[in-house]
K.L.:
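Following this message is one structure expressed as structure tokens.
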Amino acid sequence: MTDPVTDADQPDATPILPFVYRVRVEMLLASPTHRYEGRPADGPAPRAGIELHDTIRFRAGLGIVGDRYHNAPAHRRASVTVIGADALDAVAGELGHTLDPAATRRNILLRGVDRPLDVDALRGVTFSIDSGTGPVLLQGNRPANPCAWMDRELAPGAFRAMRGRGGVRCEPLSDGSLSLGDAELRTGVELRTDVELPVPPGTTSAPPSDISVD
């Protein structure tokens, strides 16, 4: 992938992000500890401190202040996870369960305001989210693939149902903050919108792993 186009007149070389979407930030999670460690059958580790927040703060290249992946060298390019509320709605409909977004352990839950938004399409995309205090610039990198913990903590069958809809792992490129409520998503490429957000027909997935870390 080539470097994002930048405006030469901007001293900080801010990427040009011409596509604008109205979104709503419906969940912000920053957890000081990993809770999904080892085998799902053993259950999650106890909650330590507050996990759900009205506002979270970002540090460029480091992650979310107070989160378990902040300043973790192995996760510098994947310290922030973003998932789509529209995709989770589709999974809930398929499984016939009400889902708790916090059980996904993703940091940011985004919902399209005008129409369902394919948040998973942010992989490989530079984008920003602005909830009123200025844009937070993020680089979408690899998928936030689901693990076997989803079957235990979210709903039976969630591991496979979330394939291709588990969100995206990102690196923050700027300092800033994000709050719950209405926000503006800007992207460098136009995103697909699809009410069902399905896994493409013929997609195969590997058997679930019993061991994960989150």
Side-chain angles (χ1 to χ4, degrees), residues 1-8 10 12-30 56-64 67 69-70 74-91 101 104-146 162-179 182-200 203:
M1 179 179 176
T2 58
D3 292 334
V5 177
T6 60
D7 188 338
Q10 294 291 329
D12 58 352
T14 302
I16 296 174
L17 306 175
F19 299 99
V20 183
Y21 304 89
R22 291 198 306 150
V23 296
R24 190 161 52 249
V25 181
E26 296 194 342
M27 182 192 75
L28 293 170
L29 184 148
I56 56 176
R57 293 188 297 119
F58 299 80
R59 292 291 306 277
L62 298 179
I64 298 170
D67 188 67
Y69 290 120
H70 182 266
H75 295 276
R76 286 286 172 81
R77 302 191 71 245
S79 60
V80 177
T81 48
V82 184
I83 192 170
D86 303 300
L88 279 185
D89 287 350
V91 171
T104 66
R105 306 292 288 166
R106 304 315 191 244
N107 298 119
I108 302 168
L109 180 71
L110 285 185
R111 182 180 298 280
V113 170
D114 299 312
R115 64 183 65 184
L117 192 67
D118 185 6
V119 169
D120 290 270
L122 292 170
R123 181 176 56 168
V125 174
T126 303
F127 65 99
S128 69
I129 309 173
D130 186 349
S131 60
T133 57
V136 175
L137 190 64
L138 298 148
Q139 174 62 47
N141 291 318
R142 58 189 175 89
N145 292 323
M162 287 178 65
R163 283 283 180 171
R165 297 182 287 195
V168 61
R169 297 187 181 276
C170 309
E171 176 185 5
L173 303 180
S174 69
D175 293 353
S177 64
L178 189 62
S179 298
D182 292 338
E184 179 182 88
L185 171 70
R186 300 185 68 99
T187 67
V189 299
E190 188 170 10
L191 300 181
R192 178 176 64 90
T193 56
D194 184 334
V195 69
E196 295 297 332
L197 300 173
V199 176
T203 296

K.L.:
How would you list, by chain and number, every residue that makes a side-chain hydrogen bond (donor to acceptor under 3.5 Å, both in side chains) with R59, sequence neighbours excluded?
P.N.:
none
K.L.:
Which residues pass the side chain to side chain contact (heavy atoms under 4.5 Å, CB included) test with A144, sequence neighbours left out?
P.N.:
T81, R106, R169
K.L.:
Suppose we screen for side-chain hydrogen bond (donor to acceptor under 3.5 Å, both in side chains). Which residues come up paired with D130, at least two apart in sequence or across chains?
P.N.:
none
K.L.:
Using the side-chain contact (heavy atoms from CB on, under 4.5 Å) rule, pick out the option among L138, L17, V189 that qualifies with V125.
P.N.:
V189
K.L.:
So, the side chain of S174 versus the backbone of L137: is there a donor-acceptor pair under 3.5 Å, distance only?
P.N.:
yes
K.L.:
Which pair of non-hydrogen atoms, one from A183 and one from S131, has the smallest distance, and what is that distance?
P.N.:
CB-CA, 3.9 Å
K.L.:
Once rounded to the nearest 0.5 Å, what's the spacing between atom OG1 of T104 and atom CG of L29?
P.N.:
7.5 Å
K.L.:
So how far is it from L173 CG to T126 OG1, rounded to the nearest 0.5 Å?
P.N.:
6.5 Å
K.L.:
Over all heavy atoms of both residues, which pair between P146 and R163 is shortest? Give the atoms and the distance, please.
P.N.:
CG-N, 4.0 Å
K.L.:
So do the side chains of V80 and F58 get within less than 4.5 Å of each other, counting heavy atoms only?
P.N.:
yes
K.L.:
Please give me the minimum heavy-atom distance between G84 and V119, naming the atom from each residue.
P.N.:
CA-CG2, 3.6 Å
K.L.:
Take atom CZ in R77; do more than 12 heavy atoms of anything else shown fall under 6.0 Å from it?
P.N.:
no
K.L.:
Between L191 and F19, is the side chain to side chain contact (heavy atoms under 4.5 Å, CB included) condition met? List the steps.
P.N.:
CA-CA 8 Å; L191 300 181; F19 299 99; over 6 Å; no
K.L.:
Name all residues meeting the salt bridge (Lys or Arg N to Asp or Glu O under 4.0 Å) criterion together with D182; count only those two or more places apart in sequence or in a different chain, and write none if there are none.
P.N.:
none
K.L.:
Say you draw a straight line from CG of L185 to OH of Y21; how long is it, rounded to the nearest 0.5 Å?
P.N.:
7.5 Å
K.L.:
For side chain to side chain contact (heavy atoms under 4.5 Å, CB included), just list the numbers for L117 and V23, CA-CA rounded to whole Å, side-chain angles, deciding distance to a tenth of an Å, and then say yes or no.
P.N.:
CA-CA 9 Å; L117 192 67; V23 296; 3.9 Å; yes
K.L.:
Is the side chain of D86 donor-acceptor paired with the backbone N or O of G112 at a distance under 3.5 Å, no angle test?
P.N.:
yes
K.L.:
Please list, chain by chain and in numerical order, all residues satisfying side-chain hydrogen bond (donor to acceptor under 3.5 Å, both in side chains) with T133, sequence neighbours excluded.
P.N.:
S177
K.L.:
Assess whether side chain to side chain contact (heavy atoms under 4.5 Å, CB included) is satisfied between I83 and I108, documenting all intermediate values.
P.N.:
CA-CA 6 Å; I83 192 170; I108 302 168; over 6 Å; no
K.L.:
To the nearest 0.5 Å, what is the distance between CE on M162 and CG on N145?
P.N.:
9.5 Å
K.L.:
What verdict does the side chain to side chain contact (heavy atoms under 4.5 Å, CB included) test give for I64 and Y69, after you've listed the backbone C-alpha separation in whole Å, the side-chain angles of each residue and the deciding distance to 0.1 Å?
P.N.:
CA-CA 8 Å; I64 298 170; Y69 290 120; over 6 Å; no
K.L.:
For a quick test of reading the model, state the closest non-hydrogen atom pair linking S79 to P172 and the distance between them.
P.N.:
OG-CD, 3.4 Å
K.L.:
Do you know the tightest heavy-atom contact between R165 and D120?
P.N.:
CA-OD2, 3.3 Å
K.L.:
What's the spacing between R57 CZ and L28 CG if we round to 0.5 Å?
P.N.:
13.5 Å
K.L.:
Check side chain to side chain contact (heavy atoms under 4.5 Å, CB included) between V168 and all other residues, then give those that pass, not counting sequence neighbours.
P.N.:
V82, L122, R123, C170
K.L.:
Go through the structure and list residues passing ring-ring contact (aromatic ring centres under 6.0 Å, His included) with H70, not counting sequence neighbours.
P.N.:
none
K.L.:
Applying the side-chain contact (heavy atoms from CB on, under 4.5 Å) criterion to R186, which one of V20, I16, I129 satisfies it?
P.N.:
V20
K.L.:
Please, which pairs that meet salt bridge (charged side-chain N to carboxylate O under 4.0 Å, His left out) have at least one residue in residues 14-28, sequence neighbours excluded?
P.N.:
R22-D114, R24-E26, E26-R111
